[in-house]
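Reading through the structure tokens given below for one structure.
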2 protein chains.
Amino acid sequence: MDVAREAGVHVGTVSRALNPATRSRVNAETAARIIEVARRLGYEVNIAGRALRTQRTQTIGALIPDLANPLFPRIVRGVEDSLEKAGYTALITSTDNNAQRERRMIAALLSRQVDGFLIASARLEDQALEELLQNGVPVVVLNRTSANARTSAVIADDPQGIADAMAHLVALGHERIAHVAGPGDTSTGQVRLQAFEAALDRYGLQRRSELVVCAEAYTIAAGTRCTRDLFNRGKPFTAVVAGNDLLALGVIDALKENRIPCPERVSVVGFNDIDFAERMSPALTTVRVPTYELGARGADLLLDMIYREREISTVTLPVTLMIRESTAPPPLPGTGLFGL
Amino acid sequence: MDVAREAGVHVGTVSRALNPATRSRVNAETAARIIEVARRLGYEVNIAGRALRTQRTQTIGALIPDLANPLFPRIVRGVEDSLEKAGYTALITSTDNNAQRERRMIAALLSRQVDGFLIASARLEDQALEELLQNGVPVVVLNRTSANARTSAVIADDPQGIADAMAHLVALGHERIAHVAGPGDTSTGQVRLQAFEAALDRYGLQRRSELVVCAEAYTIAAGTRCTRDLFNRGKPFTAVVAGNDLLALGVIDALKENRIPCPERVSVVGFNDIDFAERMSPALTTVRVPTYELGARGADLLLDMIYREREISTVTLPVTLMIRESTAPPPLPGTGLFGL
DNA sequence: CTGTTAGCGCGTTCAT
DNA sequence: ATGAACGCGCTAACAG
């Protein structure tokens, strides 16, 4: 390399001088001169070369289901900030929770020798994840748990969030509460559904299978379809706990379709507190998840696994119920849905 | 490599067989056997190794100001889809339109030998960009033009968008129209301001410097501050054209602060048509920009530059005015702001 | 403290 | 059509 020639030393010395970890092993003045020359020549280490030698690319792969869900950009931002401190960069890819696309992306990332994976895709059974684990690739999952629990995870306290939401609705006087659950093959979908049923039990409310419907995806359209389904079943309800905010928006759309005022006749609670949730009409009551921190902690955990081979662990982050305009006391008996 | 041993051939042959471009130069049966063995062994080419040899990492760097602005995830998605077809991946980084952070990110990406850059950061003067260009790195800028016009760009037809917005307001009867412009050091800020003034001239409306205020950033908070500023100046207006949707939301916040109903007393128009714009309260009238296509075309252009050294070019995408609830006829004289 | 050497995995060139 | 040898830029290990 020309930095070596310019500074009149050998490339090995340059390498040592430029690497903070090995700099101590070279004469201070020489090191200073080398650094100066490198700066003047605008030299940047070639990570491909280093990767070949060290088997570390200082790059990690991040699998994100859908950047258009405002939940994820904030997670990504947390990830970026944590990684940058360690000189790492993330290769970010959208998977759509599509198994095939996910496999393609993992292959592409593996081929780029990423040092580890951050996986926010929601699917629970995950053959791809399984393979990664078997090959000893460091993996941290975000906002989900994995079926086998053999990977580190950073999650929000979903049960607490649902419990808070239910307590709020019950305090308002609701008794017939429906649940538009997230997809059954996702960790969050399952956990929140269980928490919903547990809350029903806790408050002595009856479990009614007609008031629970599973969405096929975490999207607005799915939320709308589910709510129509709920209507078709003809069982009255005065509140809906949605699996996440996008589903909640879909629920509200379906209510509007049927000219059912929210929150006057039906209350709706979301989950995540995505950006803009408070600007929606009506402003969404929802459970806030510390998304930035979720990403940041996830990245920290992954770096730990890469460098210190730390044992696997799960970090649970606290949530907060944000009470806004989409919840209110139920209508008086006789004025509600289906003559309730 | 073990694939070679397993298949009983030399590594060179394996390399040729696995690379679609050179596969023709190897016996078809042998190639098939090698591919089969590689698949069975779960072999993936090491891009770092290839990069070292070919000086191509099949990775590009994408500089995004702020993923939390819903405009960008959709652009990113377009980028990803285009790149994937070519076996490319994007290293995505947020810059906050912060010059220092931008430089750090560019250095990190350069050090990873990215084959080119996609730059959606908005700042117009851009020393970092200048250096990239001088070093012959392929660059495509998105949703902005560059000061020196020496780089390819994909932009929306901003002048047309502003013209449509103004035509809409004038048709409604507005005469005193304010502009909360984007930052003066951004391409979009300048272009939209010019288009605003051109429209004023076209309709024989007076240019009033008191009705134009420049935001310091494309954020909701900046939009609110600017609108307060507008109020303090005491000049009446019945409509605001905002530099983008986030600014428009800020304008609406400021109106709410002052209990000025939108659109009854002041109409507001945004720009970009971000996700959820139609769900805001009031639903935002805004100019839709084909964001996905913007990203996709940008990536295509960049790949062209990388592989075919194409000359620089600018692609302009058409826009559409989305008329929703935030615009209406101006209040009758005597009922408006400041006794207008 | 610094120079030397080797090899990471790949593609290319030359030889066969 | 295939094998052998080399070098891309870097760092680890060893020698001095």
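Because only heavy atoms are used, hydrogens play no part in the values below, and waters and symmetry mates are left out as well, while side chains stay in. Chain letters run A, B, ... following the sequence lines, proteins first and then strands; every chain starts at 1.
Nucleotide D:dC10 holds its C1' atom 12 Å from the CG atom of A:L18, rounded to whole Å. Rounded to whole Å, atom P of D:dC8 lies 18 Å from atom CG of B:N46.
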Set out, in order, the CA-CA distance, both residues' side-chain angles and the distance that settles side-chain hydrogen bond (donor to acceptor under 3.5 Å, both in side chains) for B:T95 and B:S121, then state yes or no. CA-CA 7 Å; B:T95 67; B:S121 296; 3.1 Å; yes
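Taking side-chain N and O atoms only, A:T54 has no distance below 4.0 Å to OP1 or OP2 of D:dT11. For the OP1/OP2 pair of D:dT11 and a distance below 4.0 Å, the side-chain nitrogens and oxygens of A:R50 include at least one atom meeting the criterion.
Residues from residues 104-114 of chain A with heavy atoms under 4.0 angstrom of DNA chain D: there are none. Of all the residues in residues 26-35 of chain A, A:V26, A:N27, A:T30 reach under 4.0 Å from DNA chain C with at least one non-hydrogen atom.
Taking only side-chain atoms of A:T13, from C-beta outward, the nucleotide of D:dT11, C:dT2, C:dG9 with the closest atom is C:dT2. Counting only heavy atoms from C-beta on, A:H10 has its side chain closest to C:dT5 among D:dC10, C:dC10, C:dT5.
Scanning for side chain to side chain donor-acceptor pair (under 3.5 Å) contacts around B:E44 gives an empty result, with sequence neighbours left out. Annotation: side chain to side chain donor-acceptor pair (under 3.5 Å) contacts of A:R53 (sequence neighbours excluded): none. In this structure, B:S111 has no side chain to side chain donor-acceptor pair (under 3.5 Å) partners at least two apart in sequence or on a different chain. Applying the side chain to side chain donor-acceptor pair (under 3.5 Å) criterion to B:T93, with sequence neighbours excluded, gives no partner residue. Remark: B:E84 engages A:R101, A:R104 in a salt bridge (Lys or Arg N to Asp or Glu O under 4.0 Å) (not counting sequence neighbours).
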N/O donor to acceptor pairs below 3.5 angstrom from side-chain atoms of residues 73-80 of chain A, sequence neighbours left out:
{"from": "A:R77", "atom 1": "NE", "to": "A:D81", "atom 2": "OD1", "distance (Å)": "3.4"}
{"from": "A:R77", "atom 1": "NH1", "to": "B:D96", "atom 2": "OD1", "distance (Å)": "3.1"}
{"from": "A:R77", "atom 1": "NH2", "to": "B:D96", "atom 2": "OD1", "distance (Å)": "3.3"}
{"from": "A:R77", "atom 1": "NH2", "to": "B:D96", "atom 2": "OD2", "distance (Å)": "2.6"}
{"from": "A:E80", "atom 1": "OE1", "to": "B:S94", "atom 2": "OG", "distance (Å)": "2.9"}
{"from": "A:E80", "atom 1": "OE2", "to": "B:S94", "atom 2": "N", "distance (Å)": "3.1"}

Atom pairs and distances, donor-acceptor, side-chain atoms in residues 113-120 of chain B, under 3.5 Å, two or more places apart:
{"from": "B:D115", "atom 1": "OD1", "to": "B:T57", "atom 2": "N", "distance (Å)": "2.9"}
{"from": "B:D115", "atom 1": "OD1", "to": "B:T57", "atom 2": "OG1", "distance (Å)": "3.2"}
{"from": "B:D115", "atom 1": "OD2", "to": "B:T57", "atom 2": "N", "distance (Å)": "3.4"}
{"from": "B:D115", "atom 1": "OD2", "to": "B:Q58", "atom 2": "N", "distance (Å)": "2.9"}
{"from": "B:D115", "atom 1": "OD2", "to": "B:Y88", "atom 2": "OH", "distance (Å)": "2.8"}

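Closest heavy-atom contact between A:I306 and A:R56: O-NH2, 3.4 Å.
Contacts classified as salt bridge (charged side-chain N to carboxylate O under 4.0 Å, His left out) and involving residues 16-38 of chain A (residues at least two apart or in different chains) are given here: A:E36-A:R39.
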N/O-N/O pairs, protein side and nucleotides 13-16 of chain D side, under 3.5 Å:
{"from": "D:dA13", "atom 1": "N6", "to": "A:R16", "atom 2": "NH1", "distance (Å)": "3.1"}

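Each end of the helix from C:dC1-D:dG16 to C:dT16-D:dA1 yields a helix axis from five base pairs, and these two axes differ in direction by 40° (to the nearest 10 degrees).
Judged by closest nucleotide on DNA chain D, B:V9 is the one of B:G49 and B:V9 placed further toward the 5' end.
A donor-acceptor contact shorter than 3.5 Å links the side chain of B:S187 to the backbone of B:T145.
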